[in-house]
Structures are given as C-alpha cells and as structure tokens.
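Beneath this line is the structure, given in structure tokens, with notes to follow.
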Amino acid sequence: MDRWLAMRIFVQVAEAASFAKAARQMQLSAPAVTRTVATLEELVGARLLVRTTRSVKTTEAGARYLEDCRRILAEIAEAEAAAAGHYDQPSGTLSVTAALLFGQMHVLPIVTEYLDLYPGMRARTFFIDRPVNIVEEGMDVAVRIGHLPDSGFTAIQVGSVRRVICAAPDYLRRHGAPTSPADLKQHRIVTSTSAWASPEWRFADGQRVLVEAALQTNTNEAAIATARQGWGLTRVLAYQVAADLQAGRLQRVMSEFEEPPLPIHVLYPEGRRSPAKVRAFIDLAVCRLREHAAFY
C-alpha cells in the first residue's frame with residue numbers, strides 16, 4: 001500500500017466527514033477509499049474512523065493520528081516545494097486573516113500592494129471578528145490585536161493601539177463630557193456585540209465599570225456611525241475612528257483613564273521554514289504597519 005496516498009485519503013475522509021465526498025474530491029471510487037482506510041487501520045492497529053447515521057467521525061486514536069498525518073504530509077509538501085524552488089520565489093496563493101475592520105482598512109491595501117509587486121501571485125483574505133484557527137482554516141498569515149496565547153507560532157509586533165471612548169461634538173455639547181468612569185452611568189452608550197466585545201469596560205489602575213448599553217449593534221461600524229450622528233458615547237479601538245477624530249466628527253474623552261494599549265502582531269506558523277510567498281508578505285506587512293501613524 002502507498003502509505004503517503006493512504007494518509008492523504010484518510011485526512012480527506014476525516015475532514016470531509018464522508019467516504020463518498022472524499023472519493024469525489026480525490027476522483028477515486030468510493031470502494032477504493034473505503035478499502036484504503038480499512039487497510040490503513042489494520043496497518044496502524046487501531047480503529048481510526050467510526051460511521052454515524054449522518055457522517056464519519058474520528059475515534060480518539062484517529063484524532064491523534066489525523067494530526068500526525070497532517071504534519072507529515074505538510075513536511076512532504078514542504079520538501080517538494082523546496083526542491084521545486086518554491087522557497088526561492090513567491091508562488092501560489094497567499095491566505096491572510098485579520099479582524100474585519102482592521103483587515104479592510106489596513107491589511108487589504110498591503111495585500112493589493114503585494115500582488116502588484118508579485119503579479120504571478122494570488123491572494124485570499126478572510127476578515128472576520130472572531131478568533132481564527134490559522135492551521136485548521138488554512139491561513140498563511142494572521143494579523144492579531146491583543147495579547148497572544150502561547151501557540152508556538154512566530155509573532156512579530158508591529159505596533160499597539162488603545163481602546164478609546166468618543167462621541168460627537170453635538171452630543172458632548174448637549175450632555176457634557178464624562179470626567180471619570182463612574183460618570184458613564186449618566187450617559188447613553190452604544191456598544192458592539194462583536195466577538196471581543198465585553199459589557200465590562202476596564203480602565204487604568206484596575207478600575208472597571210459594567211456598562212448598560214442603551215443600544216447594541218452587531219458591528220463596530222454601526223456603533224461608530226451612531227456615535228458620529230450624536231446619539232451617544234461608544235468605545236472602540238483608536239484606529240477605527242482615527243479619521244473621524246482628525247476631522248473633528250468625533251472627540252475623544254477620558255483619555256487619562258485609558259488602559260494600557262493592546263499589541264498588534266503579525267503571526268505565522270512556519271517561522272524560518274516559511275515559503276517565499278509568506279516571507280515576502282511578512283517583510284512588506286511589518287514595514288507598512290510599523291510606519292503607520294495610527295500604531296505606535
């Protein structure tokens with residue numbers, strides 16, 4: 001049995017949760033896929049997959065073996081790419097993820113510049129306000145805001161950004177500006193319910209306030225637009241309102257109470273063994289983000 005092919009088939013079945021779907025994706029017959037997995041299980045000496053009424057799931061042993069297979073297949077692909085010269089010149093498709101608004105405002109221009117520099121490259125962006133598993137979701141590079149857990153990935157800090165409270169000048173003229181965290185209870189608050197939002201607002205010196213929002217929106221853009229219209233106060237990351245603050249459409253309040261800034265990192269899994277397409281993008285992204293005035 002071709003062990004490499006058997007591992008590929010097993011991974012495909014596990015990820016597709018279906019023998020039939022995996023067979024179609026690999027352009028093989030369903031019986032051939034079933035026989036290969038059965039032979040692999042005999043060779044390994046453990047049950048790797050179990051059928052349910054709706055799908056196929058890995059056993060405990062199968063889940064561990066699946067991670068090993070992914071790692072081994074990735075190393076084989078890496079060796080082949082190195083032999084073919086893919087580690088010398090950018091080639092293929094680059095996948096980049098970031099938070100929704102940050103990605104649209106600051107990462108996308110870097111991606112398009114990168115494509116201009118390397119016309120033979122293609123790129124895929126995944127901008128979303130939730131944590132993304134880089135490996136499982138096939139991302140080459142992530143740009144993350146906030147403190148990172150220990151993941152074993154390579155992380156390069158490119159700046160930092162603060163959370164700021166702001167409101168339109170008209171709102172502040174009508175209602176006055178809060179001068180301490182406790183004053184927030186006397187104001188109308190609009191918040192976002194995006195993935196990292198919390199009803200507890202933290203401030204310097206460990207102060208915390210549980211905010212009761214008069215209005216909740218599902219995006220930061222909507223919260224900012226509402227504040228811009230003079231309806232109430234909102235709290236967002238400084239880069240999200242940098243243009244509004246500079247133009248005077250919004251004003252920052254209580255800056256002396258702001259908590260320490262959050263770091264911004266460019267994150268990628270392969271480290272020094274990254275292919276040329278990743279290394280080239282990292283170099284460009286680090287340069288562009290570090291020179292940006294909104295991040296310090």
Side-chain angles (χ1 to χ4, degrees), residues 97-112 125-132 143-146 159-205 207-264 288-289 292-296:
T97 184
L100 179 60
L101 195 53
F102 188 89
Q104 292 172 350
M105 293 175 66
H106 299 294
V107 178
L108 190 57
I110 299 172
V111 172
T112 54
T125 61
F126 188 47
F127 300 148
I128 188 169
D129 285 336
R130 68 165 174 81
V132 173
V143 182
R144 295 273 171 83
I145 299 174
S160 58
V161 65
R162 290 183 180 272
R163 289 191 178 97
V164 300
I165 298 174
C166 55
D170 180 60
Y171 175 87
L172 297 175
R173 280 193 296 270
R174 288 183 287 114
H175 300 280
T179 58
S180 72
D183 290 348
L184 292 173
K185 294 186 180 295
Q186 311 304 319
H187 285 266
R188 287 198 304 200
I189 307 292
V190 54
T191 62
S192 164
T193 57
S194 59
W196 292 282
S198 170
E200 183 181 72
W201 289 7
R202 300 185 180 188
F203 298 91
D205 300 325
Q207 295 186 68
R208 302 183 181 189
V209 173
L210 190 62
V211 173
E212 295 183 8
L215 173 63
Q216 292 183 332
T217 68
N218 69 319
T219 67
N220 289 314
E221 297 95 319
I224 293 167
T226 304
R228 195 186 295 126
Q229 292 166 8
W231 194 86
L233 293 161
T234 194
R235 190 192 199 203
V236 292
L237 292 170
Y239 80 85
Q240 297 171 336
V241 290
D244 288 312
L245 293 173
Q246 186 173 6
R249 293 185 292 267
L250 291 173
Q251 291 182 10
R252 194 168 174 174
V253 299
M254 295 172 51
S255 57
E256 67 272 26
F257 291 97
E258 291 169 1
E259 62 183 339
L262 297 169
I264 305 170
R288 291 292 177 264
L289 291 172
H292 202 289
F295 316 127
Y296 48 89

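Note that these values count all heavy atoms, side chains included, but never hydrogens, waters or copies made by symmetry. Numbering of residues begins at 1 and proceeds along the displayed sequence. Everything quoted here is computed from the prediction, not taken from an experiment.
In terms of heavy atoms, Ala238 sits closest to Val161 at N-CG2, 3.8 Å. Between Trp231 and Ala214, the closest heavy-atom pair is CH2-CB, 3.6 Å. The two atoms that bring Ala227 and Ala168 nearest to each other are O-CB, 3.3 Å, heavy atoms only. Contact between Val209 and Lys185 at its shortest, heavy atoms only, is CG1-NZ, 4.5 Å. Considering every non-hydrogen atom in both Trp201 and Ile189, the closest pair reads CH2-CG2, 3.6 Å.
Few gaps surround CD on Gln207; more than 12 heavy atoms of other groups in view lie less than 6.0 Å from it. In the displayed structure, Glu212 atom CD is contacted under 6.0 Å by at most 12 heavy atoms of other residues, nucleotides or ligands.
With contacts defined as side-chain heavy-atom distances shorter than 4.5 Å, the pair Pro181/Met254 qualifies. Looking only at side-chain heavy atoms (C-beta outward), Val211 and His187 stay at 4.5 Å or farther from each other.
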Please evaluate residues Leu108 and Thr125 with respect to the criterion side chain to side chain contact (heavy atoms under 4.5 Å, CB included), reporting the C-alpha separation (whole Å), side-chain torsions for both, the decisive distance (0.1 Å), and the verdict. CA-CA 8 Å; Leu108 190 57; Thr125 61; 4.2 Å; yes
For a side chain to side chain contact (heavy atoms under 4.5 Å, CB included) check, start with the C-alpha distance between Arg144 and Val132, then their side-chain angles and the critical distance, and finish with the verdict. CA-CA 10 Å; Arg144 295 273 171 83; Val132 173; 4.1 Å; yes
Apply side chain to side chain contact (heavy atoms under 4.5 Å, CB included) to the pair Leu100 and Glu221, showing each step before the final yes or no. CA-CA 10 Å; Leu100 179 60; Glu221 297 95 319; 4.0 Å; yes
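In this structure, the separation between CG on Leu101 and CG on Leu237 is 9.0 Å, given to the nearest 0.5 Å. Between atom CG of residue Leu215 and atom OG1 of residue Thr191 there is a gap of 7.5 Å, rounded to the nearest 0.5 Å. Between Leu262 atom CG and Ser160 atom OG the span is 8.5 Å, to the nearest 0.5 Å. Rounding to the nearest 0.5 Å places CG of Leu233 at 6.5 Å from CG of Leu172. Of the inter-residue distances, the one linking Phe102 atom CZ with Gln240 atom CD reads 10.0 Å to the nearest 0.5 angstrom. We find the OG1-CD distance between Thr226 and Gln229 to be 5.5 Å, quoted to the nearest 0.5 Å.
By the 30° and 60° cut-offs, the orientation of the rings of Tyr239 relative to His106 is perpendicular.
Arg162 places a side-chain N or O within 3.5 Å of a backbone atom of Glu259 that can act as its donor or acceptor partner. Using modelled atom types, no side-chain atom of Thr234 and backbone atom of Ile224 make a donor-acceptor pair closer than 3.5 Å. Under a 3.5 Å cut-off, the side chain of Arg288 and the backbone N or O of Pro109 do not form any donor-acceptor pair.
Arg235 forms no cation-pi arrangement with Phe257, by the criterion of a distance under 6.0 Å to the ring centre and an angle within 45° of the ring axis.
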